[in-house]
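Report on the following structure.
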Amino acid sequence: MELAVLVGAAAAGFALRSGLIFSDLPKLVSQRVEFSVPTNSWQRVLEGSFLYDSGVDPYSGDIFHETPLCLVLFAVLKKRISCFGIDLIFPVLDVVTAFLLFFFARNLVQDTIVSEQKAKEKHASGTSKLLVPFADIVTVPRMVLLWYLFNPHIIGSCLEKTTSVFTNFLLAAMLLSASQGPSLLSRLSSLFFLALATYQTLYMFLLFPALHLYLLQNAPEKCRSSRKFHIARLVIHLGIFGGILAALVIGSSVIMGSWSFIRGVYGFAVFAPDLTPNIGLFWYFFTEMFEQFRTFFTWIFFLNICIYSVPVSIKLRHDPPFAIFTLLSLITIFKPYPSYGDVGFYLSLFPIWKRLYPHMRQSLVVVVMLLVAAVLFPILWKLWIEVGSANANFFYAITLVFVASQVFFVTDIMLAHEKREWHLMNGMKSDVDANGKAAELLLD
Amino acid sequence: MGLLTDPGRSDKFAKLLISHHTKLSVVVYIVGLCWLFALVDDNFNLRVKISENALLPGLVQSGFATEDEGFAKKAYKTLIEQQKNGNGSFPADEIKDSFRKIGLDVYDHFYNFQNRSSADRTTVQQGRNIYAILRASRASSLESVVFAVPYRPASTKHIRTEGGIALLLALANQSKHKHYWAKDIIFLVTSNEHFGAKAWVEAYHGVSQASKKNFSDTPLRGRGGAIQAALVLEIPGSDIDYLDLRLVGLNGQMPNMDLFTLTRSLFGNQQIPLVIQGNAKLLDRYPEDFLGKYLRDLETAGKMVAAAASGALEGIHGFFQQCNIQSLSVRGLTRSGTGGRGKIGFRDLGITLEGICRSLNNLLERFHQSYFFYILPSATRFVSIGLYMPPLGLIVLPVVLRALALWAKGTSTDEPDKASVNSSTMGAILPWLLLAHGISFGTFFGHVYLGRDLGLTLGVSTFLAFSLPLLASRFMSRADADLLKSVNLIEMAVGLYALSMLNFSLALVIAIVSVPVAVWATAVTAHDSPIRLLNALLLFVSFPIVPLIGRSVCENWSDLLALVPHWESVIVHSLKGVSASFVEYSEYGNWLVPVAFLFLLPLWISNWVIFWV
């Protein structure tokens, strides 16, 4: 039964994607700014590969911002398989990603239940209802799978053939291998996938602290108290991650025969010179700004993305997967070229933390804001770019709504997480303050 | 951090909302309506003005002299004769020759089209547009201005346009040797109403017709620069009484208000009586009393809102507007009493058109200064987007309030252990949402893309929609219905607010009617109360197909009465209006039908299902 549901869902998800990818729909919605941004647009991959084939350095222009490995991979694929086959890679990879997330969710829920049952005696009395129910081992992974397979954000970016599909695959592989237990292989492979994801889209290195803590979580109990062990592990993990990343970058320079890709890929990701409107915050800000402040604000914006990594990891050190989830959403909010593919990825992970839902207060607001943004992005784009009656401010206003909805979501879910922890330790009953009113949990 | 994390207030707010939302909704709706109607009054709206300084209207000496008037009259006479000789076919070659004689570059544009509302709907016909380009002498061809006339045969139901073509020729002749043009002037004569105009505008902007199989148009051989503005002339001849400005384009799109103000002020300078949206009452003396004045303004604004809400094409200027070109139509009309001997001749019109052209010639940038979203209650006053959006927000607010109240009721208990009793989940109502949207989408898709018969698709979807409650009464609980109601109302509010950005007038008309219906129909009433019967009736009348049919029934009331004993032909006849709307959608993208079938119908089906639970 369970297997039938999974296979059926996967088949339906695949059929939906491959059916739509060969229909007229991709042409109709091609190059939508919500899905395709300079860092993941398939058009640009084609252009870059054409330049590469003609012997021109694809990074010398301002079009191509994928990594050299991606370029080589595509060149190989192009020779080996037909256009039809390349189109089919995207739905296949999406379905694989969905299953990786499925198994990750299963591992994670299992781990959570085990650790919660172990720590039961520490919890306050009457809080057993707050614990993750055993049924979640079955339902949560299934929900994650379905959410990923039928999430319009993900389907759309698959139809647009954005390279977010690859990034999402790498992230899912990283999450799954990290959840596999304390073996060396799982640690190695998760760091490897993180390095690949970082190589692909720069900002993923911010996940390293959280992933490091996650990998430590599975270490034997007695080692965890020694400081030496911690330092050793940190050095080892950093070494592996840095080594793989360095190997990838150096290998790329060998393939390309020059270092120009550093500017084209990573310089582009930091300095964000392409100000085509997208669903992020950068474009409007940098078009409005005086040119002499540009360097200053570039670094401020870059710092703004980076600054969350360590504090969030430390604060959520007891639940590193949740830290990874939070960081993924924060990176998506603040990076220069976010797309629906990134948003859809972290939203699909949400069912894993389904237990926080009763503690969340803004879910209605967030959902409605996301809906409003999804409806108004195309409308205001049409009014601004095609008809010319609206202007950039209209589109940016809706971008702000979209970003605000994500910020609400992150704030809300983090607060819910903390509230649940507090209730677990202190019981459901709230204390009474001096005035005889029930005390409430506040975040100040 | 109070906004997001303060737990206390939202509970109090929820309780307040649950107990008071009905009263609040009524108040808010009425305030919204009153506010809306107040906007027509001069105290609440603004005076039109020219914001773009570069236009400098009326500052040049006119060069359009008596001999140019003579030229126009001669051209007009020849055109009428050519029309008679050619048995009413488009005298394209003759017009082409006339432009060539003046000394302009003249080009043909051939296009193919299918007239789906005519008898032979599948045959592909060929049409032809003529356009002549007067090259700018002071700049390279980077920008241009268009004067367009839709050619109409003598047998047309619409206003004849031979006078417009004569004016084009006279203008071309007069401005040919002038040294001050900084923009190309394109004189365009289109044929076959909207088919020709649409084909030309799309060909000019290189919009690919390849996706539509039968439409392999020839590319344009001559081009000017980016078109900054387009003026469409529908002038029957030289003796007209007044002009009618038509601004509303496709789907309620409006031209930049500067173009309107410019045209209005220049026609005004020439003492030419002017009305907007065909409201001939504007020609009468300005009413002294408050009420008369108010009603006249209300009628003008109402006509504009109605035209925008229907989304239908008022003139070929709609296609220019779709391509970011500011454009409006000028219609020449005669008063019924004067017997077609109006006082306004080619001279007055020529002077004004020359003035408009000189002003447009001064433009340094695209039109961007003034308003794009506005409603005109009179030729001198306007209601801008900032003024009319708040009342619409209030009118739709009851939907939001009701949705929030229902949501708050469903999730009012804060303790997670109590919430499971008497509640529903999104999973439980998802099938209903999918069904409602599926039926609506199927109807639309089935007719538009699969080409199924309209009567059949409407019949099937109506049957499915009306029989859905049978299924619902078995599988849907009260709590599910409450949640579905809430989700439904949220969808409606989001949809209406989004639609108001695209086409304010349509959103307004829908909101005024559907907000009370939706809020009223979702009220919980006992199963045997007489109010429930009224509810059912109200819901039935608001079935989105009913008003669509109702519109065509009202329009052809007398025809239908004549057919009464033959019910079959009555049905076919009353569906004609709906199918015409579908044709308007597929031929030039009038969104009335998609809005009715993809937005309103699913909402209605859900409401209908909820009603019977």
Side-chain angles (χ1 to χ4, degrees), chain A residues 24 27-28 126 128-130 143 146 355-359 361-380 382-391 394 398 404 407-412 414-416 418-420 423 428-430 437-438 440-444, chain B residues 1-8 10-11 205 208 210-211 249-256 321-326 366-368 371-374 385 400 403-404 407-408 410-411 413-420 425-427 449 486-487 490-491 493-495 497-503 599:
Chain A
D24 283 343
K27 269 178 230 142
L28 224 70
S128 55
K129 281 224 171 71
L130 286 183
M143 275 166 83
L146 291 177
R355 58 178 182 272
L356 302 180
Y357 182 72
H359 305 275
R361 309 185 135 269
Q362 313 293 340
S363 43
L364 179 70
V365 177
V366 169
V367 170
V368 170
M369 279 167 91
L370 282 176
L371 183 69
V372 167
V375 173
L376 281 179
F377 270 133
I379 288 180
L380 293 177
K382 185 187 162 65
L383 285 183
W384 173 27
I385 301 293
E386 289 171 28
V387 180
S389 50
N391 54 43
F394 287 64
I398 240 24
V407 171
F408 277 25
F409 175 70
V410 176
T411 322
D412 198 23
M414 279 187 80
L415 186 63
E418 293 309 295
K419 246 196 220 163
R420 181 174 170 276
H423 279 308
M428 293 303 295
K429 295 256 166 11
S430 47
K437 283 181 188 163
E440 285 166 331
L441 287 179
L442 286 175
L443 186 72
D444 275 325
Chain B
M1 289 299 289
L3 177 67
L4 285 176
T5 55
D6 184 359
S10 62
D11 270 3
H205 294 93
S208 166
S211 56
L250 273 179
N251 297 312
Q253 177 80 30
M254 304 287 277
N256 190 296
Q321 288 175 6
Q322 289 294 299
C323 293
N324 201 349
I325 298 163
Q326 308 315 318
R366 282 185 173 283
F367 277 108
H368 66 281
Y371 295 86
F372 283 95
F373 301 97
Y374 55 92
I385 181 169
V400 182
L404 287 179
W407 186 273
T411 57
T413 47
D414 197 32
E415 295 92 74
D417 48 324
K418 262 207 248 165
S420 57
T425 59
M426 282 304 283
Y449 292 101
S486 174
V487 171
I490 287 172
E491 187 186 337
V494 171
Y497 286 134
L499 184 63
S500 71
M501 291 303 306
L502 275 174
N503 186 348
F599 169 53

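First the proteins, then the strands, lettered A, B, ... as listed; each starts at 1. All of these numbers come straight from a predicted model, not from anything done at the bench.
Nearest heavy atom pair, residue B:M501 against residue A:L380, reads CE-CD2, 3.7 Å. Scanning both residues, A:V387 and B:Q321, for their nearest heavy atoms gives CG1-O, 3.7 Å.
Between chain A and the residues B:Y371, B:F367, B:Y497, B:F372, the most heavy-atom pairs under 4.5 angstrom are made by B:F372.
Proximity to chain B (any heavy atom under 4.5 Å) is restricted, for A:V375, to the side chain, taken from C-beta onward.
B:F599 pairs by the ring pair (Phe, Tyr, Trp, His ring centres under 6.0 Å) definition with nothing, not counting sequence neighbours. With sequence neighbours left out, the side chain to side chain donor-acceptor pair (under 3.5 Å) criterion links A:R420 to A:E116.
Side-chain contact between B:Q253 and A:S389 is present, with heavy atoms from C-beta onward closer than 4.5 Å. For the pair B:I490/A:V367, no side-chain contact is recorded, criterion being any heavy-atom separation below 4.5 Å from C-beta on.
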